[in-house]
Amino acid sequence: YFREPLKLRPGFNFDNKSVEVPVFFSKINGVYNDNNEYLDFVNNLRDSDDIFFIEFNGDVNYFSKEFTKDAFSLSFLISSDGVIDKKGILADKSYTISTLNANTQEMILEKIEEVIVSDMFVDGLNREDRIKGLYTVLNMDKRFVHMINNFDYSLINPKLVVYIEKDIIFEKEIAFLMLLLSKIGFDIINLCPSGANCIENVINNKLIDIHRLDKMVYELKLNSIKNSIPLFKKIFGKRR
């Protein structure tokens, strides 16, 4: 169902007020024994205009603007019970989501509130985590904003595919953004050749569909896979 319209997925439903969309939130540990086969698999996942593919090395800037101390001013816009001052945020045109229409921005803010009060995080969210999560979503990369703007809920949904180059633990704000995008209707696929618990130690494992391939390989960059494949295989290799 990865490349099928959402309306063809089991569980798709809608009424006059809302649309219920079944999405992938998956993590694929390891690689195939055949490097050529794994590279084909990764290329098939990344080869589409509606897919944002990130080769992630731990830099938050791939997802959003880096958090600064000035951003703690957002604390005045979040109540102690997780309610957001939506009018205050909609009035500020400096955020990347500000180019979306007002209804879409309000929907995003409502989803942020859902993430804040949820039990999705292993250690919960303290006040600083909430502020950083809100900041990260408001300042998400423009590519996400464009994908949200173009999203038709009955057609093929936008997708985030993250290739994790090294052993890292995701910052909570990155996991926060992923969960937010998932709630909007994105498919989220994390490719982790090493199988490290990069996101399982941050969010509830029940939310993640985990798969395991043939073997675990550490510190594996995509370029190193390409360079390890003999020229003959690059030209004539076939997938199993």
Side-chain angles (χ1 to χ4, degrees), residues 25 52-149 151 158 160-184 186 188 190 192 196-204 207:
F25 198 120
F52 189 5
F53 187 91
I54 295 175
E55 294 181 49
F56 186 51
N57 60 8
D59 187 351
V60 177
N61 287 309
Y62 284 105
F63 296 88
S64 179
K65 291 181 181 177
E66 189 173 359
F67 187 84
T68 62
K69 290 183 178 180
D70 293 341
F72 279 112
S73 61
L74 286 173
S75 63
F76 299 108
L77 300 176
I78 310 177
S79 69
S80 58
D81 55 356
V83 176
I84 295 172
D85 178 0
K86 298 179 180 62
K87 289 184 179 179
I89 289 176
L90 291 174
D92 189 333
K93 304 303 180 185
S94 65
Y95 305 120
T96 57
I97 72 165
S98 298
T99 57
L100 297 168
N101 66 58
N103 288 337
T104 302
Q105 291 184 61
E106 288 185 14
M107 177 271 290
I108 290 173
L109 296 175
E110 289 170 0
K111 298 299 182 187
I112 293 173
E113 290 175 336
E114 291 177 13
V115 175
I116 287 175
V117 300
S118 72
D119 59 353
M120 294 179 175
F121 288 84
V122 173
D123 297 325
L125 295 173
N126 59 35
R127 186 153 185 77
E128 182 176 331
D129 294 332
R130 294 179 176 190
I131 295 168
K132 286 185 174 181
L134 174 60
Y135 177 88
T136 301
V137 173
L138 295 180
N139 295 284
M140 68 175 75
D141 188 277
K142 289 183 179 180
R143 177 74 181 274
F144 293 125
V145 176
H146 298 161
M147 294 168 83
I148 293 170
N149 193 47
F151 185 17
L160 169 63
V161 179
V162 181
Y163 182 88
I164 303 161
E165 293 183 343
K166 60 181 183 180
D167 291 354
I168 53 175
I169 303 294
F170 280 7
E171 298 293 340
K172 278 188 179 178
E173 54 263 39
I174 292 178
F176 193 107
L177 177 59
M178 286 186 178
L179 291 169
L180 183 282
L181 295 174
S182 177
K183 278 183 165 289
I184 291 175
F186 278 60
I188 310 292
N190 289 292
C192 186
N197 293 323
C198 54
I199 193 168
E200 298 94 321
N201 290 339
V202 182
I203 67 174
N204 191 326
L207 302 172

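Not measured: the values here are computed from a predicted model. The chain is numbered in sequence order, starting from 1. Note: hydrogens, waters and symmetry copies are ignored here, and every other heavy atom, side chains too, is used.
Between M178 and I174, some side-chain heavy-atom pair lies under the 4.5 Å cut-off. A 4.5 Å side-chain heavy-atom check between F144 and I97 finds every atom pair outside the cut-off. Under the 4.5 Å side-chain criterion, counting only non-hydrogen atoms from C-beta, L207 is not in contact with F25. With contacts defined as side-chain heavy-atom distances shorter than 4.5 Å, the pair V115/I112 does not qualify. Looking only at side-chain heavy atoms (C-beta outward), K65 and L138 stay at 4.5 Å or farther from each other. With contacts defined as side-chain heavy-atom distances shorter than 4.5 Å, the pair D85/F76 does not qualify.
Taking each heavy atom of I131 and S75 in turn, the nearest pair found is CD1-CB, 3.4 Å. Here the closest non-hydrogen pair linking M120 and K183 is CE-CE, 3.4 Å. In terms of heavy atoms, M147 sits closest to P158 at CE-CB, 3.7 Å. Closest heavy-atom contact between A175 and V202: CB-CG1, 3.8 Å.
Interatomic distance, CG of L181 versus CZ of F176, reported as 11.0 Å (0.5 Å rounding). With values rounded to the nearest 0.5 angstrom, Y95 atom OH is found 4.5 Å from L74 atom CG. Here L180 contributes atom CG and I188 contributes atom CD1; the two are 9.5 Å apart, rounded to the nearest 0.5 Å. The CD1 atom of I54 sits 10.5 Å away from the CD1 atom of I164 when rounded to the nearest 0.5 Å. Of the inter-residue distances, the one linking C192 atom SG with D167 atom CG reads 7.0 Å to the nearest 0.5 angstrom. Rounding to the nearest 0.5 Å gives a distance of 9.5 Å between CZ of R127 and CD1 of I116.
Screening T104, N103, T99 against N101 for a side chain to side chain donor-acceptor pair (under 3.5 Å) leaves a single residue, T104. With respect to F63, the side chain to side chain contact (heavy atoms under 4.5 Å, CB included) criterion is satisfied by exactly one of V137, V162, D141: V162.
Between the side chain of N57 and the backbone N or O of D59 there is at least one donor-acceptor pair closer than 3.5 Å. Panel note: side chain T96, backbone K142; no donor-acceptor pair is recorded below 3.5 Å. The backbone N or O of I89 sits nowhere less than 3.5 Å from a side-chain atom of D92 that would complete a donor-acceptor pair. Within the 3.5 Å criterion, the main-chain N or O of I84 finds a donor-acceptor partner in the side chain of E113.
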- Test log, rule side chain to side chain contact (heavy atoms under 4.5 Å, CB included), inputs V122 and E200: CA-CA 8 Å; V122 173; E200 298 94 321; over 6 Å; no
- Message: What verdict does the side chain to side chain contact (heavy atoms under 4.5 Å, CB included) test give for V60 and E66, after you've listed the backbone C-alpha separation in whole Å, the side-chain angles of each residue and the deciding distance to 0.1 Å?
- Response: CA-CA 6 Å; V60 177; E66 189 173 359; 5.6 Å; no
- Take E110 and K86 through the side chain to side chain contact (heavy atoms under 4.5 Å, CB included) test and state the conclusion after the steps. CA-CA 9 Å; E110 289 170 0; K86 298 179 180 62; 3.8 Å; yes
- Query: Step by step, would you call T136 with E171 a side chain to side chain contact (heavy atoms under 4.5 Å, CB included)?
  - Reply: CA-CA 11 Å; T136 301; E171 298 293 340; over 6 Å; no
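A salt bridge is absent between E128 and K172: the closest approach of a Lys/Arg side-chain nitrogen to an acidic carboxylate oxygen does not fall below 4.0 angstrom.
Here F67 and F72 bring their ring centres to under 6.0 angstrom of each other.
In the model, D70 has no side-chain atom that pairs as donor or acceptor with a side-chain atom of T68 under 3.5 Å.
Crowding of K93 atom NZ: a count of heavy atoms from other residues, nucleotides or ligands under 6.0 Å exceeding 12. Atom CD of E114 sits in a crowded spot, with more than 12 heavy atoms from other residues, nucleotides or ligands closer than 6.0 Å.
Aromatic ring pairs are classed by plane angle as parallel below 30°, tilted from 30° to 60° and perpendicular above 60°; the pair Y62 and F56 is perpendicular.
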